[in-house]
Amino acid sequence: MSNVTITLPDGTKKEAPAGVKIADFVKDSIGPGLAKAAVFARLDGQDVDLTRPIEKDAALQIFTSKSPEALEVARHDAAHIVADAVQRLYPGTQVTIGPSIEDGFYYDFFREKPFTPEDLEKIEAEANKIVQADLPFRREEVQVAEAIALFEKMGEKFKVEIVNDIVAKGAKTLTLYRHGDWVDFCLGPHGPSTAKVGVIKITKSSGAYWRGDHRNPMLQRIYGTAFFDKKALDAWLKQREEAEKRDHRRLGKELDLFHFHPFAPGSAFWTPKGTAIYTALSSYMRKLCLDNGYVEIKTPLLYNKGLWEISGHWGKYKENMFLVEDSDTKEHDFSLKPMNCPSHHLFYGFKKHSYRDLPLRFHTQDVLHRNEAAGSLGGLTRVRQFAQDDAHIYCREDQIADETKRFVQLLDKVYNALGLTYVPKFATRPPQRLGDDALWDKAEGALKSALDGLGLKYELKPGDGAFYGPKLDFDVCDSIGRRWQLGTFQVDYLAPSKDRFDLTYIGEDNAEHRPVVLHRAIFGSFERFIAILIEHFSGAFPCWLAPVQVTLVTVADRHLDYARSLKEKLRGLGYRVELDERGMTMQAKIREAQLQKIPFTLVVGDKEVEQQAVAPRRYGGEDLKTMPVTQFVELLQKEAAVP
RNA sequence: GCCGACAUAGCUCAGUCGGUAGAGCAACUGAUUCGUAAUCAGUAGGUCGCCGGUUCAAAUCCGGCUGUCGGCUCCA
């Protein structure tokens, strides 16, 4: 028998007989320890089971339970195990698909009755029994006809449909994976046996449409996660608990920032404290825009449908708009604006523009309404009424690159100031699009050169651009690692066109030209951005954003007059100050100030009154010792400075 | 919009088998005047989300609606 040469990741080359199973090779030629810890292998870049033979010279990498890749495989194993458990407990339930996802896995079933919470408990117990049973995963390659016959016999109609689909794509054979008596059609790879999975936790269930299409039957989806050992699961559960503590809906109540009422679903009521944050961000963004060559405009909130017909919203977005009945015509001819762009385009058209006007940058923070599906509303992250830090830039084509650079720099400044890290995503031309390739080449080239010029790393999302132009989306990572798409920058050649808004400018050649529109936002929406900041800071805002920046605590009631005068003084300087006059002890008031995460608590007693001083304490407990009021004002000035 | 769960005082929650509600915190009153994370006592606060049904009797069981939550769909 001939030998094959196997190259390990460190470059070591080893000889083994051709056809040797990966597992055996690892055990005999590398070490039994690794063999025991191995979950799957990568053979010449392809992920495979450890039971696969090595037929030719190849590079081999082994993934053990320490690697994230192996955890992903184990979670896919877990999905199979859960499906097995479900079919053991509830015969007649059909399986569909069950991938591993970030943080776990899901499996979709077809079944008349949804799963109850009690069902899920039973399923979890059954799944972990299968784990304990240590059943090996077995891979089997079969002809498609054989697979179809098998699934038809089993009554697995959805599986038959999936197999037929891949047959249509030209597949002749496919792989089955079995553990015990259970079988699924699956690409793999899988771990060596069910025991390797460790521990399975069912987290939730929900409905999900077959193939994600709401016209298709509703399936029952079970979500779960798996870890190689219970300790890791416990750590994950604990981390989830911590995340719940900083949930903006919870902190919104605890810190008294906003409310919702059933009479206005999806629209927030902002308390004085919440409003303070909102206003601070709004003023900050306004100043930033004005300082960077934008002008601020305000446009109407309500428009005749004529506008939406030009913009295309009436055809494409109508179901998301709040229509308003005209009391004269009794027709729903008006709509609240869901976006600012059309009104900005109208504004641009109010006068003739010269090339000297460009780039023209309109900033607007108007209120927008979108009739989001009832079931999709949630806290401040998905609302029906909100405001964007919106702007539209009207420029010449040759100015796109520079405008992109300016925008990215502005965005970088804002996110850095708030401690948010981000990843730009470059979304290029989609299959269905307007405009010719030369136009797209130019637009994409401009975005790319701007990103390259700034030395920014970005991810590519080919084909994910808007139908009217390429875009950059900015995914922000918050302090607990969750990602949110906030900022956006989009190139739009469509809106200025003849049959849309027919926007023009007079060029140096004294002829009419069409500007390009750049849609852009940094916060995205104030509502959602505040939600993310609440969770990012866990409610402990930096001083410039804190709803209450300073709270005054008196040692005894006789110090109240002094405290009141201090409050007026600081308020007069423009700071947000509170004085708690309730008849509680100083200690209780300090505790409350800490729970409210107020940046500075000023304690005043006999000593402070006498010396015209304050004793500041920072959020977190640092005692700054008694200092003159003037000195504290200097400190506050520094700490509360807008970045 | 679809699937499921949930809805009790301002907040967090208890309320067993159907017998018309209870705690802590907050509020209010009084006493206490205290040096860096909870002083003590008392008072008040609820058509148990809304509408209907079953029952002698409903917070509790059933149906509808609204809202919230977890997903799905959608997300210029």
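Order of the sequence lines fixes the chain letters, A, B, ..., with proteins taken first and strands second; residue numbering starts at 1 for each chain.
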| Pairs satisfying salt bridge (Lys or Arg N to Asp or Glu O under 4.0 Å), at least one member in residues 595-617 of chain A, at least two apart | Arg558(A)-Asp606(A)
| task | Among residues two or more places apart or on two chains, list those pairs meeting salt bridge (Lys or Arg N to Asp or Glu O under 4.0 Å) that have a residue in residues 521-535 of chain A. | result | Arg482(A)-Glu535(A)
Kindly list each side-chain donor-acceptor pair under 3.5 angstrom involving residues 236-245 of chain A, sequence neighbours excluded, with atom names and distances?
{"unit_1": "Trp236(A)", "atom_1": "NE1", "unit_2": "Asp103(A)", "atom_2": "OD2", "d": "3.4"}
{"unit_1": "Glu242(A)", "atom_1": "OE2", "unit_2": "Lys245(A)", "atom_2": "NZ", "d": "3.3"}

| message | Between Arg250(A) and Glu254(A), does any side-chain N to carboxylate O distance fall below 4.0 Å? | response |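 Result for this pair is yes, salt bridge flagged.
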| request: Scan nucleotides 2-15 of chain B nucleotide by nucleotide, 5' to 3', and note B when protein non-hydrogen atoms come under 4.0 Å of the base, S if they reach only the sugar-phosphate, - if neither. | output: BBS------SS---
| Could you run down nucleotides 36-44 of chain B 5' to 3' and tag each one B, S or - for protein heavy-atom contact under 4.0 Å? | BBBB-----
| Hey, does Gly605(A) reach any base, or is it just sugar-phosphate, or nothing, if we go heavy atoms under 4.0 Å? |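 Here Gly605(A) touches the bases of the nucleic acid.
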| message | Categorize Asp213(A) for me: base, sugar-phosphate, or nothing, with a 4.0 angstrom heavy-atom threshold over every strand shown. | response | nothing
| request: Check whether any side-chain N or O of Arg249(A) sits under 4.0 Å from OP1 or OP2 of G70(B), and answer yes or no. | output: yes
| Distance below 4.0 Å between Arg582(A) side-chain N/O and A27(B) OP1 or OP2 |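 Yes, because at least one side-chain N or O of Arg582(A) sits under 4.0 Å from OP1 or OP2 of A27(B).
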Expressed as a whole number of angstroms, how long is the span from [X]:[atom1] to [N]:[atom2]?
{"X": "Tyr223(A)", "N": "C69(B)", "atom1": "OH", "atom2": "C1'", "answer": "15 Å"}
{"X": "Phe260(A)", "N": "U66(B)", "atom1": "CZ", "atom2": "C1'", "answer": "16 Å"}
{"X": "His261(A)", "N": "G49(B)", "atom1": "NE2", "atom2": "P", "answer": "15 Å"}
{"X": "Leu560(A)", "N": "G35(B)", "atom1": "CG", "atom2": "P", "answer": "16 Å"}
{"X": "Lys316(A)", "N": "C75(B)", "atom1": "NZ", "atom2": "P", "answer": "11 Å"}

Output all residues satisfying salt bridge (Lys or Arg N to Asp or Glu O under 4.0 Å) with [X], sequence neighbours left out; order by chain, then residue number.
{"X": "Asp213(A)", "answer": "Arg215(A)"}
{"X": "Asp390(A)", "answer": "none"}
{"X": "Glu319(A)", "answer": "none"}
{"X": "Arg221(A)", "answer": "Asp108(A)"}

Would you measure the distance from the [atom1] atom in [N] across to the matching atom in [M] and give it in whole Å?
{"N": "A9(B)", "M": "A59(B)", "atom1": "P", "value": "14 Å"}
{"N": "U20(B)", "M": "U47(B)", "atom1": "C1'", "value": "10 Å"}
{"N": "C65(B)", "M": "G4(B)", "atom1": "P", "value": "12 Å"}
{"N": "G49(B)", "M": "A14(B)", "atom1": "P", "value": "14 Å"}

| Can you list the stems that include RNA chain B, where a stem is three or more consecutive Watson-Crick or G-U pairs with distances under 3.5 Å? | B:1-7 with B:66-72, B:10-13 with B:22-25, B:27-31 with B:39-43, B:49-53 with B:61-65
| query | Under the side chain to side chain contact (heavy atoms under 4.5 Å, CB included) criterion, do His344(A) and Phe501(A) qualify, and how do the steps go? | reply | CA-CA 10 Å; His344(A) 279 182; Phe501(A) 287 92; over 6 Å; no
Can you give me every donor-acceptor pair (side chain of residues 583-590 of chain A, partner residue at least two apart or in another chain, under 3.5 Å) with its distance?
{"unit_1": "Thr585(A)", "atom_1": "OG1", "unit_2": "Ala588(A)", "atom_2": "N", "d": "3.2"}
{"unit_1": "Lys589(A)", "atom_1": "NZ", "unit_2": "Asp580(A)", "atom_2": "O", "d": "2.8"}
{"unit_1": "Lys589(A)", "atom_1": "NZ", "unit_2": "Arg582(A)", "atom_2": "O", "d": "2.9"}

| message | Closest approach to the side chain of Leu377(A), judged atom by atom: which nucleotide of U68(B), C74(B), A76(B) is it? | response |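 From the listed options, U68(B) comes nearest.
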| said: Whether the side chain of Arg382(A) and the base of C74(B) hold a donor-acceptor pair under 3.5 Å is what I'd like checked. | reply: yes
| task | Just jot down the ring-ring contact (aromatic ring centres under 6.0 Å, His included) partners of Tyr619(A), sequence neighbours excluded, or say none. | result |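 Residues passing ring-ring contact (aromatic ring centres under 6.0 Å, His included) with Tyr619(A): none at all.
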